[in-house]
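From a predicted model like this one, the values you see are computed outputs, not experimental measurements.
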Amino acid sequence: MEDFQKARKKMVQEQLVARGIRDEKVLEAMARVDRHRFVMSDDKSKAYKDKPLNINCSQTISQPYMVALMTQLLELKGNEKVLEIG
């Protein structure tokens with residue numbers, strides 16, 4: 001679990017903050033969500049890489065940067081809930 005936490009923190013800093021994601025709520029959410037729980041077993045080690053990954057039923061989980069960018073562009077106020085569907 002500690003490795004996933006480190007990978008998630010690195011993802012936020014190197015893929016999101018470094019590329020202009022500034023919305024604190026978006027960054028907090030991306031730092032909190034266990035992305036590795038949504039990918040196929042074979043891809044768990046890649047869960048925090050900057051690319052889409054297979055999930056199930058021939059679907060993918062979106063690239064973390066794209067999720068963060070789309071969410072930031074929504075300019076959420078804080079009481080909304082977002083469901084991102086590829």
Nearest non-hydrogen partners of V39 and A47, listed with the distance: CG2-CB, 4.2 Å
Nearest non-hydrogen partners of Q63 and R35, listed with the distance: CA-NH2, 4.4 Å
K44, NZ: over 12 other non-hydrogen atoms inside 6.0 angstrom: yes
Closest contact, heavy atoms only, S62 versus E84: OG-OE2, 3.1 Å
Can you give me every donor-acceptor pair (side chain of residues 66-78, partner residue at least two apart or in another chain, under 3.5 Å) with its distance?
residue : atom : partner : partner atom : Å
T71     : OG1  : V67     : O            : 2.7
Q72     : OE1  : R22     : N            : 2.7
Q72     : OE1  : D23     : N            : 3.0

Residue pair N54 / D43: nearest heavy atoms and the distance that separates them: N-OD2, 3.9 Å
Nearest atoms (heavy-atom pairs only) where Q15 meets Y65: O-CD1, 3.5 Å
Same apolar cluster: V33 and L53, side chain cutoff 4.5 Å: yes
Distance in Å, N56 CG paired with I61 CD1, rounded so as to fall on 0.5 Å steps: 12.0 Å
Worked check of side chain to side chain contact (heavy atoms under 4.5 Å, CB included) between M11 and M30: CA-CA 9 Å; M11 174 197 73; M30 296 296 288; 4.3 Å; yes
Aromatic ring pairing H36/F4, orientation class (parallel under 30°, perpendicular over 60°, tilted between): parallel
Distance (rounded to the nearest 0.5 Å) between D34 CG and Q5 CD: 8.0 Å
